[in-house]
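Treat the numbers as computed from the prediction; the structure is a model and nothing was measured.
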Amino acid sequence: MTRFMLLLIIIAMIKTSLLAMAMLSMGLAIIGYGASRWCPSALSPNVRHRLQQLFICVLLLHASLYLGVIIKLGFIDSWQDIPTLILSHLILHHGLSAGIAGVATLLAVRVYLTARNERTLPPSH
């Protein structure tokens with residue numbers, strides 16, 4: 001059940017990143033990190049480590065995106081800069097969110113390959 005729940009969290013996190021819902025993606029990353037950390041019996045240590053890397057990566061990338069917006073707000077000189085800020089934020093936010101979703105997808109594939117290899121390889125003695 002834990003694996004299925006983590007899979008659903010990863011899918012939802014990638015989808016919300018594609019839709020540029022960064023706060024929701026960050027929330028899902030926190031939930032997924034907590035689930036992978038506090039349910040260790042269902043996962044091998046390698047898979048759990050890769051999952052935690054995935055969730056931390058998504059969380060930090062979205063947080064850096066919001067940090068960029070806050071820094072960009074510091075460059076406003078007058079009210080005439082606000083439409084430009086909004087337009088540049090929308091374009092940059094959606095582009096970078098799609099990039100974050102791509103990175104999350106690649107990391108999720110890496111988690112899958114790690115889990116598959118651990119099931120198919122014979123144990124070493």
task = Give the intermediate values and the outcome of side-chain contact (heavy atoms from CB on, under 4.5 Å) for residues Asn46 and Asn117.
result = CA-CA 11 Å; Asn46 287 338; Asn117 286 340; over 6 Å; no

task = Under the side-chain contact (heavy atoms from CB on, under 4.5 Å) rule, what do Arg3 and Val47 come out as? Steps first, then yes or no, please.
result = CA-CA 10 Å; Arg3 290 181 184 192; Val47 173; over 6 Å; no

request  = Evaluate the criterion side-chain contact (heavy atoms from CB on, under 4.5 Å) for residue pair Leu51 and Arg48; output intermediate values, then yes/no.
outcome  = CA-CA 5 Å; Leu51 277 171; Arg48 188 175 65 233; 5.7 Å; no

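Here Thr105 contributes atom OG1 and Ile11 contributes atom CD1; the two are 10.0 Å apart, rounded to the nearest 0.5 Å. The CG atom of Leu65 sits 12.5 Å away from the CG atom of Leu60 when rounded to the nearest 0.5 Å. Going from atom CD1 of Ile30 over to atom CE of Met13 covers 11.5 Å, rounded to the nearest 0.5 Å.
Of all heavy-atom pairs between Leu18 and Ala98, the closest is CD2-CA, 4.3 Å. Across every non-hydrogen atom of Ala104 and Val58, the tightest pair is CB-CG2, 3.7 Å. Smallest separation of non-hydrogen atoms from Cys57 and Val103: SG-CG1, 4.0 Å. Scanning both residues, Ala20 and His93, for their nearest heavy atoms gives O-NE2, 3.1 Å.
Taking the side-chain hydrogen bond (donor to acceptor under 3.5 Å, both in side chains) definition, one finds that Thr16 meets it with Ser25, sequence neighbours left out. Residues satisfying the side chain to side chain contact (heavy atoms under 4.5 Å, CB included) criterion with Val69, sequence neighbours excluded, are His89. For Ile9, the side chain to side chain contact (heavy atoms under 4.5 Å, CB included) test picks out Met5, Leu28, Ile31, Phe55, with sequence neighbours left out. By the ring-ring contact (aromatic ring centres under 6.0 Å, His included) test, His94 is found to be paired with no residue, residues two or more places apart in sequence or in another chain being considered. Remark: His49 engages no residue in a ring-ring contact (aromatic ring centres under 6.0 Å, His included) (not counting sequence neighbours). Considering only residues two or more places apart in sequence or on other chains, Leu73 meets the side chain to side chain contact (heavy atoms under 4.5 Å, CB included) condition with Ile76, Leu85.
Under the 4.5 Å side-chain heavy-atom criterion for ILVMFWY residues, a single connected hydrophobic cluster contains both Phe75 and Leu67. Cluster membership for Ile56 and Ile10, using ILVMFWY side-chain heavy atoms within less than 4.5 angstrom, is shared.
With 3.5 Å as the limit, one finds a donor-acceptor pair spanning the side chains of Arg37 and Tyr33.
Counting non-hydrogen atoms of neighbouring residues, nucleotides and ligands closer than 6.0 angstrom, the OH atom of Tyr66 exceeds 12 such neighbours. Around NZ of Lys15, the count of heavy atoms belonging to other residues, nucleotides or ligands within 6.0 Å does not exceed 12.
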